[in-house]
Amino acid sequence: MLGEGKFKNKYRISSPRLKGYDYAQAGYYFITICAKGRICWFGEIKNGEMAKSEIGEIAEKCWLEIPSHFPFVRLEEFIIMPNHIHGIIVIDDDCRDAKSCVSTFNPTNVGDAKSCVSTMWTKYKNKFGPQSRNLSSIIRGFKIGVKNFSNQSKIDFLWQNRFYDHIVRNENELNKIRQYIVDNPLKWELDRNNPENLLM
């Protein structure tokens, strides 16, 4: 559960990121991203399996394209659920030299509503410099790709502002998370009205 604090006499939600942790460093990260209001934009569960909507298909396509835009990333187990996405993102040490991390961005695809490619993937520059290649920038790029499609298709889709991450500590934990992701559709009825369950 995110902590609450006061800023200028208004309640605010504190960042879900681990304070002081460098999210650009190599590692395995378990990610949960939700649609705003947890509306089931991405499809529905039928007989324990996910039946994706059009925007659900695009979300899957954009997720799979992440390494094309962020070549230092590898993807592990993931699943598109009706109102959220679970996935394991690996930031790989083999591409620590920024000069070797060349994007495969193709500007000719920008006008294609079926493509996740958006100029925002590569044109966005974080004011804090190296953070343009950290976990938040990867998720930002993915979310922009899906939102770009929804805008072109005139679908009134919105993401929840934040995302949740868990730094995977060891192989045993990694295997448990992989299984949790695979089993997620079977647990849908338990999770759908209990957002805390989405985070394991």
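One-based numbering along the sequence shown. All values below come from the heavy atoms of this structure, side chains included, with hydrogens, waters and symmetry mates left out.
- Taking 4.5 Å as the limit, some side-chain heavy atom of Phe78 sits within range of a side-chain heavy atom of Leu64.
- The side-chain hydrogen bond (donor to acceptor under 3.5 Å, both in side chains) check on Glu57 picks up nothing, with sequence neighbours excluded.
- Leu158 is not connected to Ile55 by any chain of hydrophobic side-chain contacts under 4.5 Å among Ile, Leu, Val, Met, Phe, Trp and Tyr, and they are in different clusters.
- Here the CG atom belonging to Leu75 is positioned 5.5 Å from the CD1 atom belonging to Ile66, to the nearest 0.5 angstrom.
- For the pair Ser153 (side chain) and Ser150 (backbone), a donor-acceptor distance under 3.5 Å is absent.
- A donor and an acceptor atom, one from each side chain of Asn175 and Gln179, are nowhere located under 3.5 Å apart.
- Using a 3.5 Å distance cut-off with no hydrogens or angles, the side chains of His86 and Glu77 do not pair a donor with an acceptor.
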| What's the verdict on side chain to side chain contact (heavy atoms under 4.5 Å, CB included) for Phe163 and Leu135, showing C-alpha distance, side-chain angles and the deciding distance? | CA-CA 10 Å; Phe163 69 94; Leu135 187 64; 4.0 Å; yes

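- Put simply, the side chain of Asn83 never gets that close to the backbone of Cys40: no donor and acceptor are under 3.5 Å apart.
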| Derivation and outcome, side chain to side chain contact (heavy atoms under 4.5 Å, CB included), residues Ile144 and Phe149 | CA-CA 9 Å; Ile144 287 171; Phe149 168 79; over 6 Å; no

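- Using a 4.5 Å cut-off on side-chain heavy atoms (C-beta onward), Lys187 and Tyr180 make contact.
- Among all heavy-atom pairs drawn from Ala59 and Ile85, the shortest one is CB-CD1, 4.1 Å.
- Distance CG/Asp92 to CZ/Arg74: 5.0 Å, rounded to 0.5 Å.
- By the 4.5 Å heavy-atom criterion applied to side chains, Ile89 and Ile139 are counted as neighbours.
- For the pair Asn148 and Lys143, the minimum side-chain heavy-atom distance is 4.5 Å or more.
- Taking the six-membered ring where the residue is Trp, Trp159 and Phe42 present tilted rings, their angle falling between 30° and 60°.
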